[in-house]
Q: 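Have a look at this one.
Values below: every heavy atom of this structure, side chains too, minus hydrogens, waters and symmetry copies.
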Amino acid sequence: MTTPSEHDAPAPSARSWALPILALLIGALGGWILRGVSRPAAAPVLPPPLVDDSDVLVEVGSQRLTLDQFRHRWERVLTFDERRRLKAAGGPELYLDQVTEQLTATEEALRLGLQDRPVTREAMRAAASRALVQPFLHEKVRLASVAESELRARFESRRDDWTSPLRVKVSEVVVTSRAEAPAIAKADDATTPESARAKAEKLLERARGGEDIAALARDHSEAPSSINGGNVGWIVDGRTLAEHEEAALKLEPGELTELLETPRGFAFLKITEREEALDPGFEAFQEILIDEVLAEDPGALERRFRSVMDELRSRHSPTVNRELLASFEHG
């Protein structure tokens, strides 16, 4: 079974951005870019931060960043590849150092009045435009470039690889009654149901008192598992036809069941490991699935982009003075 992981996703080249503008608009943005807008003189220099009540994580002069704002930058502002690189290099701690340096430099830049320079204000306006375009392209182009029905069908076909049920690993001690011949003969075999119950109860009390379950099983259990110290492996929710599955699945590692009556006699179980059910759902794998489809059909993203831009051009009717461009001097 695999779990959703950024390391499981294909390399960036698999996305095959067909148009340079897509690479520019989607890939160029990172958490390091300050967001800004064109403003009148009395307006704030930067857009107000997200409102939240979490504790302040970093404070440099007038620059403050809360824990929730930092989480938002890590999860929503950083690109997929930036997050992956940071995790490999030092994770959130490294990113916090970078953000702190950024805020420190920002505070000094504001002290020097650099925000009032025309080149700075234009750069901030361009950054704000890119910041708006990034989520738009992601939602309206990338996510819409592949039919959701196709992605869900792929997910369902591989769901067993990405999900797992609740399961516990157990060891058992079994005492058989006269009606059932023991699989493994012991010197203290019980001969009646009453004596079998009494023997099992004594063994359970010894286990509750801290005695090693493996030693008790090897010395006293009458099941084949005694050879392995009572280890019978995993009991899986909904998949294992094991006796008293429900009782075992409720327990935590180190806990013992009550005395259990079985067709063979009496038994008790000890939980040695526990793994909770894992089913993160379709959304956790959506980006990975999109990457796979786009790797198979690199033209899908370009076709969707062109369709969206044709619609937007029709809606907004941009006016472009190409004759004026002739006067543009460039090196």
Q: Answer whether the closest heavy-atom distance between the side chains of Leu312 and Arg315 falls below 4.5 Å.
A: yes
Q: Applying a strict under-4.5 Å side-chain criterion to I, L, V, M, F, W and Y, I'd like to know whether Leu94 and Val99 cluster together.
A: yes
Q: So that I can tick it off, tell me whether Arg154 and Glu296 are bridged by a salt bridge, with the cut-off set at under 4.0 angstrom between side-chain N and carboxylate O.
A: yes
Q: Test your reading of the model: is there a side-chain donor-acceptor pair from Ser327 to the backbone of Leu324, 3.5 Å cut-off?
A: yes
Q: Taking 4.0 angstrom as the limit, do Arg71 and Asp68 come out as a salt bridge?
A: yes
Q: Could you measure the distance from the CZ atom of Phe70 to the CG atom of Asp55? Nearest 0.5 Å is fine.
A: 14.5 Å
Q: When you measure from the side chain of Ser226 to the backbone of Glu222, do you find a donor-acceptor pair of N or O atoms at a distance under 3.5 Å?
A: no
Q: Rounded to the nearest 0.5 Å, how far does CG of Leu203 lie from CD1 of Ile213?
A: 8.5 Å
Q: If you look at every heavy atom in Leu166 and Glu275, which pair is closest and at what distance?
A: CD1-O, 3.3 Å
Q: Pair Leu251, Lys270 - check side chain to side chain contact (heavy atoms under 4.5 Å, CB included), show working.
A: CA-CA 9 Å; Leu251 301 180; Lys270 182 172 184 177; over 6 Å; no
Q: So does Glu287 pair up with Arg142, basic N to acidic O under 4.0 Å?
A: yes
Q: Check this for me: does any side-chain nitrogen of one of Glu194 and Arg197 sit under 4.0 Å from a carboxylate oxygen of the other?
A: no
Q: Take Leu65 and Val56, measure what side chain to side chain contact (heavy atoms under 4.5 Å, CB included) needs, and give me the verdict at the end.
A: CA-CA 6 Å; Leu65 187 77; Val56 175; over 6 Å; no
Q: Are any non-hydrogen side-chain atoms of Arg274 and Pro253 less than 4.5 angstrom apart?
A: yes
Q: Measure the spacing between CD1 of Ile271 and NZ of Lys250 and express it to the nearest 0.5 Å.
A: 12.5 Å
Q: Measuring only between side-chain heavy atoms, which start at C-beta, is Leu143 closer than 4.5 Å to His138?
A: yes
Q: Do you know the tightest heavy-atom contact between Trp74 and Arg83?
A: O-CD, 3.2 Å
Q: Check this for me, if you would: do Glu292 and Arg158 make a salt bridge, where the nitrogen-to-carboxylate-oxygen distance has to be below 4.0 angstrom?
A: yes
Q: Would Arg306 and Glu302 pass as an ion pair if we require N to O under 4.0 Å?
A: no
Q: Are Leu294 and Phe305 connected, step by step, through hydrophobic side chains (Ile, Leu, Val, Met, Phe, Trp, Tyr) whose heavy atoms are closer than 4.5 Å?
A: yes
Q: Please determine if Glu82 and Arg84 form a salt bridge, counting it only when a charged side-chain N lies under 4.0 Å from a carboxylate O.
A: no
Q: How long is the straight-line distance from CG of Leu78 back to NE2 of His72, given to the nearest 0.5 Å?
A: 10.0 Å
Q: Sub-3.5 Å donor-acceptor pair from the side chain of Thr100 to the main-chain atoms of Leu96, do we have one?
A: yes
Q: Walk me through it: do Leu204 and Lys199 pass the test side chain to side chain contact (heavy atoms under 4.5 Å, CB included)?
A: CA-CA 9 Å; Leu204 176 56; Lys199 174 186 173 182; over 6 Å; no
Q: Does any donor atom in the side chain of Thr120 or Gln115 lie under 3.5 Å from an acceptor atom in the other side chain?
A: no
Q: Within the structure provided, determine whether Glu108 and Leu112 are in side-chain contact (heavy-atom separation under 4.5 Å).
A: yes
Q: Once rounded to the nearest 0.5 Å, what's the spacing between atom OG of Ser145 and atom CG of Leu137?
A: 11.5 Å
Q: Distance from Leu269 atom CG to Glu258 atom CD, nearest 0.5 Å?
A: 11.5 Å
Q: Quick one: does Thr272's side chain get under 4.5 Å of Val170's, heavy atoms only?
A: no
Q: Would Phe268 end up clustered with Phe266 when hydrophobic side chains under 4.5 Å apart are linked, directly or stepwise?
A: yes
Q: Is there a side-chain contact between Asn231 and Glu172 in this structure, where contact means two heavy atoms from C-beta onward sitting under 4.5 Å apart?
A: no
Q: Is Asn321 close to Leu325 at the side-chain level, that is, under 4.5 Å between some pair of heavy atoms?
A: no
Q: Does the side chain of Val58 come within less than 4.5 Å of Val60's, by heavy atoms?
A: yes
Q: If we ignore angles and hydrogens, is there a donor and acceptor under 3.5 Å between the side chains of Glu107 and Ser62?
A: yes
Q: Answer with yes or no whether the hydrophobic clustering places Ile235 together with Val174; edges join I, L, V, M, F, W, Y residues whose side-chain heavy atoms lie under 4.5 Å apart.
A: no
Q: Salt bridge or not for Asp212 and Arg206, using N-O below 4.0 Å?
A: no
Q: Should we count CD of Glu252 as having more than 12 external heavy atoms under 6.0 Å?
A: yes
Q: Run the side chain to side chain contact (heavy atoms under 4.5 Å, CB included) test on Leu151 and Val293 for me, step by step, so that the C-alpha distance in whole Å, both residues' side-chain angles and the decisive distance to 0.1 Å come before the verdict.
A: CA-CA 8 Å; Leu151 296 176; Val293 175; 4.1 Å; yes
Q: Look at the side-chain heavy atoms of Ile, Leu, Val, Met, Phe, Trp and Tyr, link any pair under 4.5 Å apart, and say whether Trp162 and Ile290 land in one connected group.
A: yes
Q: Are Glu156 and Arg159 within salt-bridge range, i.e. N to O under 4.0 Å?
A: yes
Q: More than 12 heavy atoms of other residues, nucleotides or ligands under 6.0 Å from CZ of Arg117: yes or no?
A: no
Q: For the residue pair Phe282 and Phe155, does the interplanar ring angle fall in the parallel (under 30°), tilted (30 to 60°) or perpendicular (over 60°) class?
A: perpendicular
Q: Is it the case that Gln63 and Thr106 place a side-chain donor and acceptor less than 3.5 Å from each other?
A: no
Q: Judged by modelled atom types alone, do Thr66 and Ser54 share a side-chain donor-acceptor pair under 3.5 Å?
A: yes
Q: Could you tell me whether Arg152 and Glu283 make a salt bridge, using a distance below 4.0 angstrom between a side-chain N and a carboxylate O?
A: yes
